[in-house]
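Here's the structure we're looking at; comments come further down.
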Amino acid sequence: MGKSGSRSARRPRAGRASVSNGEIAAMLDELADLEEIAGANPFRIRAYRNAARFIAESSRSMIDMLAEGRDLSSLPGIGKAIAAKIEAIVETGRLRQLEEAKKRTPEALARLTHVRGLGPKRVKALYDELHIRSVADLKRALKAGRVRELEGFGAKTERLIEEGLRDITAGERRTPLMVARRTAAELLAYLEAVEGVTQVTVAGSYRRGRSTVGDLDILVACRDGSPVLSRFVEYADVGQVVSRGTTRSTVILRSKLQVDLRVVAEASYGAALQYFTGSKAHNVAIRSIAAHEGLKVNEYGVFRGSERIAGRTEKEVYASLGLPYIEPELRENRGEIEAAAGGRLPRLVTIAQIRGDLHCHTSASGGQMSLRALAMEARKRDYEYVAVTDHTTRAAVAHGLDVRRLERQIAAIERLNDELEGIVLLKGAEVDILEDGSLDLPDDVLESLDIVVGAIHEGFALARRRQTERILRAMDHRCFNILAHPTGRLLGEREPYDLDLERVMEGARDRGCFLELNAQPARLDLSDTYCKLARESGVKLAVSADARRKADMELMELGISQARRGWLERSDVINTLGWKSLGRLLRRG
DNA sequence: GCCGTTTTCGGCCCGACTGTTTTCAGTCG
């Protein structure tokens with residue numbers, strides 16, 4: 001964290017610099033780190049962090065909002081002072097307060113606070129007493145045995161820091177949700193079998209459906225005397241026991257995934273689940289509301305004075321604060337509490353409502369499934385339809401179909417549809433959107449398809465305006481239905497291409513087109529915050545697995561998690577419709 | 001530094017675990 005921010009701060013730009021929200025957030029976060037080491041007012045530091053988080057998650061770019069003349073101080077958690085800082089960053093690419101903070105406190109110290117076991121106080125002590133100003137300095141001091149001689153440090157703290165350093169050298173890792181699921185399932189089965197255990201739930205960001213998880217937070221209810229905590233640390237995959245208490249323990253598995261276990265009584269299970277599910281920002285907001293009502297919320301329940309008034313179920317906890325139940329995927333303090341208070345919570349789409357998949361590949365363009373295998377797999381999932389959308393000629397990515405091969409595939413689909421019961425294969429294609437906005441199949445072929453999915457596979461570097469026009473022109477074609485992976489991002493690999501996504505959303509809505517939520521773990525495109533923006537713009541989405549092989553079909557669940565995090569309801573997702581209604585929607589007339 | 005059915009000042013979520021403490025600070029979630 002904070003690294004990209006420091007880069008842009010050193011490289012001033014003229015005029016409105018193209019500073020991303022992520023860079024602005026990183027600069028505020030770095031400022032918070034440095035001020036914290038310097039011992040500044042902790043509430044000011046929290047204000048910086050809250051603002052940074054809001055900006056990083058915002059689907060609107062700060063540059064655009066300023067260009068529109070929006071008053072940034074009207075945004076939640078952003079007042080006059082931080083609004084001025086954001087403006088300065090956008091105008092000049094730098095932040096004076098950050099540069100001054102770096103003069104007082106070496107900037108590498110900010111990174112040290114990210115080492116497990118090291119917070120601002122210890123980093124400051126290391127700097128003041130041992131003049132440690134970098135990871136390398138710290139390693140040398142550890143080796144020389146000088147750290148343990150400091151007041152407040154000891155042999156155990158020294159070892160904790162050494163372990164923390166190894167982790168940070170290995171890079172900050174988050175585990176993909178689909179990978180964490182397997183680990184969680186095995187651990188859950190193990191814990192459920194321990195005597196005295198009555199309930200086990202994986203909470204945390206896993207339960208909130210985030211695409212990656214930093215750790216697993218497991219909550220257990222059990223009868224008195226259950227040996228669940230000792231069984232937990234004895235679990236065969238445990239590599240290291242970090243802490244071990246009477247109600248909570250933390251281990252790191254051999255896979256390096258951290259797991260926290262928290263044990264509570266049945267009467268507190270709902271309150272503990274609410275607390276342990278988070279997010280932190282949601283909990284802080286909830287507890288703050290409680291405080292205004294003269295109540296106290298903790299993981300044991302909701303209390304008025306010493307009397308517990310709720311806690312057995314989450315529903316009870318929210319009800320005690322005058323709120324309806326809030327689904328875990330919404331708990332990010334992105335407006336869900338206000339919506340709950342106003343009776344405006346969405347009824348989130350569920351996996352059971354999905355009637356088909358609108359983006360799948362066969363062995364004809366890089367996939368592994370035959371047409372028949374694809375149909376069987378879809379039927380197994382109780383789908384009513386599945387679209388065959390292989391790449392077309394231009395796709396440099398995967399041996400695309402030319403017109404002749406596509407026509408043969410269409411004929412094969414028609415024969416198969418005559419033969420198969422309980423599933424309909426849709427004739428489709430994933431066509432390339434060329435740089436001038438045309439599609440790479442002739443009109444008469446496009447006309448013969450049930451569904452046309454369009455995507456950008458090359459020319460990622462076009463300027464924002466041209467890229468936006470390119471897509472809008474593609475959607476002008478009366479056969480165009482769904483814009484696949486709309487921002488083109490590849491997580492950890494490729495940034496989204498520069499695009500005015502709001503214009504694309506409005507353009508799609510006005511033309512009767514749709515945007516995709518591509519459920520491939522590396523894409524998850526649209527993101528949750530863009531899903532929310534799409535819903536607010538009135539454009540509907542298709543949630544698609546973009547499957548290449550059988551196992552990919554289950555990625556629909558990942559897509560639905562993301563859709564729920566984006567506040568989508570059944571009516572926002574077109575593949576909740578039966579084929580009859582969907583077919584009408586796809587014929588733009 | 002932000003915020004407001006305790007409103008322009010005075011609050012700001014709450015608790016567990018560890019280590020080096022002889023009563024609690026630091027860190028974490």
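Hydrogens, waters and symmetry mates play no part in the numbers below; they use all other heavy atoms, side chains included. Just so we're on the same page: letters track the sequence lines, and every chain starts at 1.
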**Q.** Atom-to-atom span, CD of A:E151 to C1' of B:dT20 - whole angstrom
**A.** 10 Å
(Q) Students often get this wrong, so: under 4.0 angstrom with heavy atoms, is A:A155 touching a base, only sugar-phosphate, or nothing? (A) sugar-phosphate
Q | Distance between C1' atoms of B:dT23 and B:dT18 (Å, rounded) | A | 15 Å
Q.
Base of B:dG29, side chain of A:D260 - is there a donor-acceptor contact under 3.5 Å?
A. no
Q | Sugar-phosphate only, base, or nothing, as touched by A:T246 at under 4.0 Å among non-hydrogen atoms | A | sugar-phosphate
Q. Can you find a side chain N or O atom of A:K280 that sits less than 4.0 Å from OP1 or OP2 on B:dC14?
A. no
Q. Could you state the NZ-P distance from A:K121 to B:dC24, rounded to the nearest angstrom?
A. 16 Å
Q: May I ask you to check if A:R60 and A:F54 form a cation-pi contact, with NZ or CZ under 6.0 angstrom from the six-membered ring centre and within 45° of the axis?
A: no
Q) Where each residue is assigned the nucleotide of DNA chain B containing its nearest heavy atom, which of A:T113 and A:K156 is assigned the position nearer the 5′ end? A) A:K156
Q) Should we count CD of A:E151 as having more than 12 external heavy atoms under 6.0 Å? A) no
**Q.** Residue that, paired with A:D528, satisfies salt bridge (charged side-chain N to carboxylate O under 4.0 Å, His left out) out of A:R564, A:R334, A:R210, A:R208
**A.** A:R334
Q | A:E100 and its side chain to side chain donor-acceptor pair (under 3.5 Å) partner, picked from A:K102, A:Q97, A:R96 | A | A:R96
Q: Pick the C1' atom in B:dG26 and in B:dT20, then give their distance to the nearest Å.
A: 11 Å
Q.
Counting only side-chain nitrogens and oxygens, does A:T247 get under 4.0 Å of the OP1 or OP2 atom of B:dC17?
A. yes
Q | Result of checking A:K280, A:R565, A:H282 against A:E332 for side chain to side chain donor-acceptor pair (under 3.5 Å) | A | A:R565
Q.
Heavy atoms from C-beta onward define the side chain here; which of B:dC12, B:dG29, B:dC17 lies closest to that of A:R46?
A. B:dC12
Q: Could you state the atom-to-atom distance from CD1 of A:I45 to P of B:dC13 in whole Å?
A: 14 Å
Q.
Using a heavy-atom cut-off of 4.0 Å across all strands, would you classify A:P76 as base, sugar-phosphate, or nothing?
A. sugar-phosphate
Q. Considering every strand shown, what is the Watson-Crick or G-U wobble mate of B:dT8 when both distances are under 3.5 Å?
A. none
Q. Hey, does the side chain of A:N41 come within less than 4.0 Å of B:dG1's phosphate (OP1/OP2), counting only N and O?
A. no
Q.
So, taking the atom named OH in A:Y48 and the one named CG in A:L31, what distance separates them when rounded to the nearest 0.5 Å?
A. 5.0 Å
Q) So does A:E536 have more than 12 non-hydrogen atoms from other groups sitting under 6.0 Å from CD? A) yes
Q | P gap between B:dG11 and B:dT6, integer Å | A | 15 Å
Q: Tell me which nucleotide among B:dG29, B:dT27, B:dC14 gets nearest to the side chain of A:R287.
A: B:dC14
(Q) So, OP1 or OP2 of B:dG26: does either fall under 4.0 Å of a side-chain N or O from A:K124? (A) no
Q.
If I pick the P atom on B:dC9 and the same atom on B:dA16, what distance separates them, to the nearest angstrom?
A. 37 Å
Q) Which whole-number value in Å describes the distance from A:Q274 CD to B:dC14 C1'? A) 12 Å
(Q) Need one value for A:I286: base, sugar-phosphate or nothing, where a base atom within 4.0 Å counts as base even if backbone is also close, heavy atoms only. (A) nothing
Q. With stacking defined as ring centroids separated by under 5.5 Å and planes differing by under 30°, is A:F43 stacked against B:dC2?
A. no
**Q.** Which atom of A:A56 lies closest to which atom of A:A25, heavy atoms considered
**A.** CB-CB, 3.8 Å
Q) Expressed in angstrom and rounded to an integer, what is the separation of A:N283 atom CG from B:dC13 atom P? A) 12 Å
Q.
Tell me the interatomic distance from A:L219, atom CG, to B:dA16, atom P, rounded to whole angstroms.
A. 14 Å
Q. Reckon A:L75 touches a base, only the sugar-phosphate, or nothing at all at heavy-atom distances under 4.0 Å?
A. sugar-phosphate
Q: Write down the distance separating the C1' atoms in B:dT27 and B:dT21, rounded off to the nearest Å.
A: 15 Å
(Q) Closest approach to the side chain of A:K296, judged atom by atom: which nucleotide of B:dG26, B:dC14, B:dC2 is it? (A) B:dC14
Q) P atom, B:dC13 versus B:dC3: distance in rounded Å? A) 14 Å
Q. Between B:dT18 atom P and A:E163 atom CD, what is the distance in whole Å?
A. 14 Å
Q. In terms of the nearest nucleotide of DNA chain B, which residue is placed more toward the 5' end: A:G117 or A:G154?
A. A:G154
(Q) Regarding A:V115, tell me which of base, sugar-phosphate or nothing describes its non-hydrogen contacts under 4.0 Å with the strands shown. (A) sugar-phosphate
Q.
If the cut-off is 4.0 Å, is A:Y300 near the phosphate of B:dA16, judged by side-chain N/O to OP1 or OP2?
A. yes
(Q) Mind checking if A:F276 touches a base, just sugar-phosphate, or nothing, with heavy atoms under 4.0 Å? (A) nothing
Q. Are any of A:T157's side-chain N or O atoms less than 4.0 Å away from OP1 or OP2 of B:dT20?
A. yes
Q) What's the CZ-C1' distance between A:R148 and B:dT18, to the nearest Å? A) 18 Å
Q | Distance below 4.0 Å between A:Q258 side-chain N/O and B:dG29 OP1 or OP2 | A | yes
Q. NA contact type, A:G152, heavy-atom cut-off 4.0 Å: base, sugar-phosphate, or nothing?
A. sugar-phosphate
Q.
Heavy atoms only, 4.0 Å cut-off, all strands: where does A:A285 land among base, sugar-phosphate and nothing?
A. nothing
**Q.** Residue-phosphate contact under 4.0 Å: A:R44 side-chain N/O, B:dC12 OP1/OP2
**A.** no
